[in-house]
Structure formats: structure tokens, C-alpha cells
Amino acid sequence: MHHPTDSPLDTALDRRHLLRGLAAAGVASTLAGFAETEAQAAQARAVVNGRIKQSVCFWCFNAEGERWNLERTCGVATELGCLSVELVSPENWGVLQKHKLICAMCPNGMSGPPFAKGFNNPRYHEEVIARTRKAIDACADAGFPNVIAFSGYKWRDADNPKSGEINRQEAADNCVKGFRAIVGHAEKRNVTICMEHLNTRDSSHPMKGHPGYQGDDLDWMAEIIRRVGSPRLRLLFDIYHVQIMHGDLVRRIEQCRDILGHVHTAGNPGRGELDDRQEIQYPAVMRKLLDIKYVGYVGQEFIPTRNPLDGLRQAVRVCDV
């Protein structure tokens, strides 16, 4: 309030003081707002250390739970601090690139179950090699690192379990021949083919186990990769599948350190979250990857059984050693 005894100079000084106070209050309020926003972002972000490069496998979060679409999956991956959403077809990579994400593992482009018709069977060589070549070219053009590959089912007709089995030695020779026919192209395009080991013991769900898949023995898979002898053919080490078929995960990672190309996660049993209701000690496994100086990606590939965002945030934090 202006009193009759106040001089014009006093009044001006009072107003200036008041304006400065208001300005300071406004700045403080804005800074507080920024701090709160940053704190919320830090809480949402699960990656803090970033020594393990993490990826989200699209199919499992699209198939169960809230059935996220690709846009939602990419948004969550970015929020958590992951660098990739993988197993996404090339025609949808624009969504990943909009979010500044990569596809750390490209699908092989096979129709039907992608693991059924593989390199172990000459009957499918022409198709699987052609589709793998196309996937390699798409990855090279986009600057993405890997294409997935599979041994295939052990039956001579992958669609007919009564058609007889390909014995392991014959199947290994077929794989070597098939991979040698395509790995030179992968070398030229600087893209790595990663053959995945899968379990055949779990028959409870079509994506929790794969009875009939020939590449269920890690040593058999490793021998094929070493026989081909190219740095552009590597092993996709799925921790969940290896745990079911072999266990001894830390030692197995050490044994495969020279051929390790990509890693997948899930809790066991059940292929669920990486929580304390499953048996795998993921921090120890991740630290082993760091010990061997693994520089590839770790893809979160569990099937959500509860709130998928909570489960994925927990999994990413567990692996962020």
C-alpha cells in the first residue's frame, strides 16, 4: 500500500523489490517443476549403469498381458533406457527408427513357426538361405547387427513327425553346408547370423519349449558354428533354454565365449518374469557376460504374467549390473 508520506523513490524501490521476489519465486517454482520431472524420469528409467546393452523382444509383450502394439513397446523401451526392440519385421522398422531404437535381432522371414524349417534339412535350404539373405540385406541397409537362424525340427518333413528323423551327424553336416552357402554374404554385408539353441523338454506351451527341435544340445550347436569358422556365424545363447537343457550357466557362457553373438532372458520355470519366484540368478549371469567382455545385446524375452511394465522394469533393473 502507498502511504501519503512515502516518496516516489521509496514506492519505486518497493515495487522493484516485489517484482524481484515474484520473479525469484517463479524461477524457484519452475526449477522445482524441472527437478520433479527429472526425478520422475529417473525413477521410470531402469537402466542406470548401462554396461549391459538391453533390448526388448516384441513378440512376447504383443502376445500376452496387455498385448502392446509396436508403438507402445518402443515407448516403454525408450522410457526404461533400452536401446532396441527386436524380432520386428523390416517393414515396421520405421517405428523403431522414429524412437531412435535399433532392431538388435532381425527375424529370418520364414513363414509359420520360424524355428521349424532350418539349416539341418536340405529340403528347406533354398528357402531358408534366400530368406536369410534378404534379412541380411535389410539389416545391412538399416545398420542393424544380427539375423536369427535355427537348426530346424529333426524330422525329414518338418510338418510330419512320422516322416523319420535326420540323425545328428547328418543334421550337423547339413547345417555346415547350409551356413557356408550364406555366411560369405553375411561377411560382405557386416551382419551376423545367430543360431539359437532351444529347449525340447517343456511341452506346456508352444513358446515355452519346442519338442522336436534338433538344436537342443549346446555342444552340438557350438561344434557346427566352429566348423563353419566365420566370425559372422554366432550362437544365440538363450539363458532360459540353456537352463532347462543344461544348467551350469556361468560355466556354459565361459565355454561359448568365442562364439557368443546374442543373449535372451526369461525366468525358469515358466518363461515368466525375472523375479524371485524363478531359479536363475540373473545378476551373476550378467556379471559373467561382463567378465568375458561380451559387447552384444541382451534381449528381454519373457512372457508377462502380471503387469507387463512392472515386470519389464524389474527385469531391466536386475540385468543392469
Practice prompt. Would you mind listing every ring pair (Phe, Tyr, Trp, His ring centres under 6.0 Å) that reaches into residues 219-241, with sequence neighbours excluded?
Written response: H210-H241

Discussion item. Tell me whether D320 is salt-bridged to R45, with the criterion being a basic N under 4.0 Å from an acidic carboxylate O.
Written reply: no

Worksheet item: So how far is it from I280 CD1 to L249 CG, rounded to the nearest 0.5 Å?
Response: 6.0 Å

Response to the item:
For residues 159-169, the salt bridge (Lys or Arg N to Asp or Glu O under 4.0 Å) pairs (sequence neighbours left out) are K117-D159, K154-E165, R168-D216

Fill in: R131/E126 salt bridge by N-O under 4.0 Å criterion
no

Response to the item:
d(N199 CG, Q243 CD) to nearest 0.5 Å is 11.0 Å

Discussion item. If hydrophobic clusters are built from ILVMFWY residues whose side chains come within less than 4.5 Å, do L290 and I253 share one?
Written reply: yes

Worksheet item: Do the rings of F144 and W93 sit parallel, tilted or perpendicular, given the 30° and 60° boundaries?
Response: perpendicular

Worksheet item: Which residues pass the side-chain hydrogen bond (donor to acceptor under 3.5 Å, both in side chains) test with D219, sequence neighbours left out?
Response: R252

Worksheet item: Could you go step by step and tell me if C256 and L218 meet the side-chain contact (heavy atoms from CB on, under 4.5 Å) rule?
Response: CA-CA 9 Å; C256 295; L218 203 63; 4.0 Å; yes

Worksheet item: If you look at every heavy atom in F302 and A315, which pair is closest and at what distance?
Response: CE2-CB, 3.6 Å

Discussion item. Membership question, hydrophobic clusters at under 4.5 Å side-chain separation (ILVMFWY): are Y297 and L70 in the same one?
Written reply: yes

Worksheet item: Taking the side chain as C-beta and beyond, is there a heavy-atom pair between L235 and C194 under 4.5 Å?
Response: no

Item to complete: Sequence neighbours left out, what passes salt bridge (Lys or Arg N to Asp or Glu O under 4.0 Å) with R67? Give chain and number order.
Response: none

Discussion item. Just to verify, what does Q278 make a side-chain hydrogen bond (donor to acceptor under 3.5 Å, both in side chains) with, not counting sequence neighbours?
Written reply: none

Fill in: CZ-CG distance between F150 and N120, expressed to the nearest 0.5 angstrom
12.5 Å

Worksheet item: For the atom pair CG (L260) and CD (Q255), what is the distance rounded to the nearest 0.5 Å?
Response: 12.0 Å

Discussion item. Filter on side-chain hydrogen bond (donor to acceptor under 3.5 Å, both in side chains), then keep only pairs touching residues 99-109, sequence neighbours left out; what's left?
Written reply: E71-H99

Worksheet item: For the residue pair R257 and I292, what are the closest heavy atoms and their distance?
Response: NH2-CA, 3.6 Å

Worksheet item: With no hydrogens and no angle check, is any side-chain donor or acceptor of R201 less than 3.5 Å from a backbone partner on I244?
Response: yes

Response to the item:
Tightest non-hydrogen contact, residues G267 and L274, listed as N-CD1, 3.8 Å

Fill in: Side-chain donor/acceptor of D217 to backbone N/O of M245, under 3.5 Å
no

Worksheet item: Just wondering, do F115 and Y213 contact through their side chains at under 4.5 Å, heavy atoms?
Response: yes

Discussion item. With a 3.5 Å distance limit and no angle check, can you tell me whether H264 reaches the backbone of I239 through a side-chain donor-acceptor pair?
Written reply: no

Worksheet item: Can F179 and I225 be said to form a side-chain contact (heavy atoms from CB on, under 4.5 Å), step by step?
Response: CA-CA 9 Å; F179 282 121; I225 293 167; over 6 Å; no

Item to complete: Check whether the side chains of N268 and E279 place a donor and an acceptor atom closer than 3.5 Å, and report yes or no.
Response: yes

Response to the item:
So the salt bridge (Lys or Arg N to Asp or Glu O under 4.0 Å) pairs with at least one residue in residues 221-234 (sequence neighbours excluded) are D173-R227, R226-D258

Practice prompt. I would like to know whether T78 and C82 meet side-chain contact (heavy atoms from CB on, under 4.5 Å); could you show each step before the answer?
Written response: CA-CA 6 Å; T78 302; C82 297; over 6 Å; no

Kindly list each side-chain donor-acceptor pair under 3.5 angstrom involving residues 281-289, sequence neighbours excluded, with atom names and distances?
{"residue": "Y282", "atom": "OH", "partner": "A266", "partner atom": "N", "Å": "2.9"}
{"residue": "Y282", "atom": "OH", "partner": "A266", "partner atom": "O", "Å": "2.5"}
{"residue": "K288", "atom": "NZ", "partner": "E254", "partner atom": "OE1", "Å": "2.7"}

Fill in: Donor-acceptor pair, side chain of S151 and main chain of G215, under 3.5 angstrom
yes

Discussion item. So, using side-chain hydrogen bond (donor to acceptor under 3.5 Å, both in side chains) as the criterion, who are the partners of H125 when residues are at least two apart?
Written reply: none

Worksheet item: Hey, does L80 have a side-chain heavy atom less than 4.5 Å from the side chain of V47?
Response: no

Item to complete: May I ask whether F119 and V176 are part of the same hydrophobic cluster, defined by side-chain heavy atoms of I, L, V, M, F, W, Y residues being less than 4.5 angstrom apart, directly or through others?
Response: yes

Worksheet entry | Heavy-atom donor-acceptor pair, N49 side chain to R51 backbone, under 3.5 Å | no

Item to complete: Nearest 0.5 Å please: distance from the CZ atom of R317 over to the CG atom of L312.
Response: 11.0 Å

Item to complete: Answer whether the closest heavy-atom distance between the side chains of I193 and I182 falls below 4.5 Å.
Response: yes

Item to complete: Would you indicate whether the side-chain heavy atoms of E196 and I148 approach each other to under 4.5 Å?
Response: yes

Worksheet item: CG/L236 to CD1/I259 distance, rounded to the nearest 0.5 angstrom?
Response: 11.5 Å

Practice prompt. Specify the closest pair of heavy atoms between C74 and V95, including all atoms of both residues, with the distance to one decimal.
Written response: SG-CG1, 4.1 Å

Worksheet item: Does the side chain of I303 reach to within under 4.5 Å of the side chain of E273, using non-hydrogen atoms?
Response: no

Worksheet entry | Contact list for residues 141-150, test salt bridge (Lys or Arg N to Asp or Glu O under 4.0 Å), sequence neighbours left out | D141-R189

Discussion item. With a 4.5 Å cut-off on side-chain heavy atoms, are I136 and E187 touching?
Written reply: no

Side-chain donor/acceptor pairs under 3.5 Å, residues 53-62, sequence neighbours excluded:
{"residue": "K53", "atom": "NZ", "partner": "V295", "partner atom": "O", "Å": "2.9"}
{"residue": "Q54", "atom": "OE1", "partner": "Q300", "partner atom": "NE2", "Å": "2.9"}
{"residue": "Q54", "atom": "NE2", "partner": "V316", "partner atom": "O", "Å": "2.9"}
{"residue": "S55", "atom": "OG", "partner": "S84", "partner atom": "O", "Å": "3.4"}
{"residue": "S55", "atom": "OG", "partner": "S84", "partner atom": "OG", "Å": "2.7"}
{"residue": "S55", "atom": "OG", "partner": "E86", "partner atom": "OE1", "Å": "2.7"}
{"residue": "W59", "atom": "NE1", "partner": "E301", "partner atom": "OE2", "Å": "2.7"}
{"residue": "N62", "atom": "ND2", "partner": "W68", "partner atom": "O", "Å": "2.8"}

Worksheet item: Do V147 and M105 have side chains that get closer than 4.5 Å, going by heavy atoms?
Response: no

Item to complete: Would you sort out whether T265 and V298 count as a side-chain contact (heavy atoms from CB on, under 4.5 Å), showing the intermediate values?
Response: CA-CA 7 Å; T265 75; V298 171; 3.5 Å; yes

Practice prompt. Taking all heavy atoms of Q97 and all of A142, pick out the closest pair and write down the distance.
Written response: NE2-CB, 4.2 Å

Discussion item. I need the minimum non-hydrogen distance between L101 and A77, along with the two atoms involved.
Written reply: CD1-CB, 4.2 Å

Worksheet item: Can any side-chain N or O of R123 pair as donor or acceptor with the backbone N or O of R156 at less than 3.5 Å?
Response: yes

Worksheet item: Listed by chain and number, what are the ring pair (Phe, Tyr, Trp, His ring centres under 6.0 Å) partners of W155, not counting sequence neighbours?
Response: Y153

